[in-house]
Each structure stands twice: as structure tokens, then as C-alpha cells.
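Working notes, structure below.
Just so we're on the same page: letters track the sequence lines, and every chain starts at 1. These figures come from a predicted structure and were not determined experimentally.
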Number of protein chains: 2
Amino acid sequence: MMGAASIPLILSVLQEGESYGYLIIQRIKVISGNQLEWKEGTLYPILHKLEKKGYITSSWKTSESGRKRKYYKLLENGQSVLAAEQQNWQSLNQIFSKLWLTQINSI
Amino acid sequence: MMGAASIPLILSVLQEGESYGYLIIQRIKVISGNQLEWKEGTLYPILHKLEKKGYITSSWKTSESGRKRKYYKLLENGQSVLAAEQQNWQSLNQIFSKLWLTQINSI
DNA sequence: CAATTATACTTAGAAGTTCTATGCAAACAA
DNA sequence: TTGTTTGCATAGAACTTCTAAGTATAATTG
């Protein structure tokens, strides 16, 4: 369903500022107009992978309420990966625009 | 690399008219400006899957030169899957536009 | 005409990705 | 105090894509 979009999506959300798993899921839900409702089992393994690759970093923090949260932050490395992913997405988007425009024109 | 884009891409190419594996690979290469160079091992299994699901149908034909080719054709079923995929893509595209615009504006 | 290249399809298995399902635990609300 | 929300984690299933190899024929090149 998401395909190659997961990673740019997560990195983009983190580019808005550091965040934690639960909040990222909600942010994605809000920004997609309730279309994307990720489960934890989807997000966390990806976050772990991104951290392992050095795109993001994590740190435990305790909120005033006493809750412990693991905050993720975009690293420079991840910044450039995101830039490449944006490029990639836009390039795919152009291909589709071309294909779909052609079909409209050929009516 | 391709993620969820493979299926709409193939279906879109077939919407241009029926085609066969080898040519589809070339069409994808051309339309992407040499960015996407699929291997047979990537395309054929997907074609088989799409046929099994009833989105496309295939038939062997022999060209004047004597070569045998397996032509694939988009079915009505596949037509509506493609429409749904287009919708899905555009919706993801909107999400990214929103995320990426915000970042430009917030400089 | 022999060797190479281009055309054309197939599949097994590896690798990678995402989802389902479940578990744990603490704070909060009823 | 019982249920809901918040919060993280992971195993295994399911699915997708890629690598690699095999088969076969037509066209081209030397």
C-alpha cells in the first residue's frame, strides 16, 4: 500500500522537528486527512532501521506527566537521504503525469 | 526502489495499448528518460500476478519476423484497479506536497 | 558461415518490506 | 477499579522485488 513512500514520509515528518513514535503515527493520520492510519508494528521497525542506518537518532525523555518517550531526530545524513527521496518521488510523479496526461489527451 | 509504483506503472503502460514483456521494459525506460531500467526478473513475475488476479490477459502471437511474443492487454477489472491506484498516488502526492511546501515556507 | 548480440520468456531463491498479532507497562478517566 | 489511552517492542507471516540463471530464436557482424 505504501511502497517506497514510507521512508520519505517518516523523514519528512521528522524534518518538522523531533518527535516520537506514537505522535508520528498521529501526525501521519492528521496530515493525510485520516487516510493513513499506521499501526505501531509498521512504524517502529522502520524507525529502528532508519536509526541503524544513521539517518535519525533517538533519546529517551520524560514528559512532565511522567511518561517516557523515545524521541527521534533527523540527522544530516537523513537530511540528504530525504532530499534524494524527494527527487526520486518527483521523478516518478513526472513519469505518471506524462502517462496519465497522454491518456486524457488521446480521448 | 519502486515500491507501490510498479503496478500502476505497468497498468498505465498497458492502457496505452497491448504490449509484451520486452517492449514494456523498453517503454518504461524511454518514458522515464533512462532512469528506470527494469530487469525481466522484475517485470515478468508481476505480469503473471496481474494476470492471475484478472487485471490483464495474455495471448501468444507470432510477428512477421517469426518471433513469438506474449501480448498482455488491460482488462476492465484492471482499468478500475488503475483508476484506484491513480487516486491513491495523487493522494500520497498531496500529502508530500503539503509536507514539502511547509518546509519551504518555514525557511 | 560462425560467433556474437539482441530479442523474448521463465523461474528459483535471496533479500527486503510491511502487516498482523501480541506482549508489556504506565497514566488517566469513568 | 476497570477500561481506555498512551507508549514502546518484537516475532512471524505475507508480500514484493531483485539477483541469477536457464532456455530459445532471430539478426548482425566479422
Minimum-distance nucleotide (side-chain atoms of A:Y44 versus C:dT10, D:dG7, C:dC19) | D:dG7

Taking the side chain of B:T42 as heavy atoms from C-beta outward, which of D:dC8, D:dT17, C:dA8 is closest to it?
-> D:dT17

How is B:G21 classified with respect to the nucleic acid when contacts are heavy atoms under 4.0 Å: base, sugar-phosphate, or nothing?
-> sugar-phosphate

Dot-bracket summary - DNA chain D, pairs being Watson-Crick or G-U whose distances fall under 3.5 Å, with | when paired to another strand = ||||||||||||||||||||||||||||||

Establish, for the pair B:K70 and B:Y20, whether the NZ or CZ atom is under 6.0 angstrom from the six-membered ring centre and no further than 45 degrees off its axis.
-> no

Within 6.0 angstrom of A:Q94 CD, more than 12 heavy atoms from elsewhere | no

Per atom distances to the B:Y20 side chain, the nearest of C:dA8, D:dT6, D:dG7 is C:dA8

Sequence neighbours excluded, the answer for ring-ring contact (aromatic ring centres under 6.0 Å, His included) partners of A:F96 is A:W100, B:W89

Is B:T42 reaching over with its side chain to a backbone N or O of B:W38, donor-acceptor style, under 3.5 angstrom?
-> no

Provide, to the nearest angstrom, the distance between the CH2 atom belonging to B:W60 and the C1' atom belonging to D:dT25.
-> 12 Å

Taking C-beta and beyond as the side chain, do B:E85 and B:I7 meet within less than 4.5 Å on heavy atoms?
-> yes

Of all heavy-atom pairs linking B:G54 and B:L75, the shortest is O-CD1, 3.5 Å

List the atom of A:L36, the atom of A:L9, and the distance in Å for their closest heavy-atom pair.
-> CD1-CD2, 4.0 Å

Take A:R69 and A:E18, measure what salt bridge (Lys or Arg N to Asp or Glu O under 4.0 Å) needs, and give me the verdict at the end.
-> CA-CA 12 Å; A:R69 295 167 183 157; A:E18 70 174 3; over 6 Å; no

To the nearest angstrom, the CH2-C1' distance between B:W38 and D:dT17 comes to 10 Å

Taking CD from B:Q26 and C1' from C:dT7, how many angstroms apart are they, rounded to a whole number?
-> 9 Å

Indicate whether OP1 or OP2 belonging to D:dT17 is found under 4.0 Å from a side-chain N or O atom of B:S6.
-> yes

Give, ordered by number, those residues of residues 62-69 of chain A having at least one heavy-atom distance below 4.0 Å to an atom of DNA chain D; if nothing qualifies, reply none.
-> A:R67, A:R69

Could you state the CG-C1' distance from B:L47 to C:dA8, rounded to the nearest angstrom?
-> 13 Å

Separation of D:dT10 atom C1' from A:K52 atom NZ, nearest Å, is 14 Å

Please state how far atom CD in A:E37 lies from atom C1' in C:dT20, giving the value in whole angstrom units.
-> 16 Å

Can a donor-acceptor pair be found between the side chains of B:S91 and A:Q35 at a distance below 3.5 Å?
-> yes

Could you tell me whether a side-chain N or O of B:K98 sits under 3.5 Å from a main-chain N or O of A:I31, the two making a donor and an acceptor?
-> yes

Whole Å only: how far is the NZ atom of A:K39 from the P atom of D:dT5?
-> 15 Å

Phosphate-side-chain proximity, A:K49 and C:dT17, N/O vs OP1/OP2 below 4.0 Å = yes

Ignoring backbone atoms, establish whether B:H48 has a side-chain N or O less than 4.0 Å from OP1 or OP2 of C:dT11.
-> yes

To the nearest Å, how far apart are A:I25 CD1 and C:dT18 C1'?
-> 13 Å

Would you mind classifying the nucleic acid contact of A:L23 as base, sugar-phosphate or nothing, using non-hydrogen atoms under 4.0 angstrom?
-> nothing

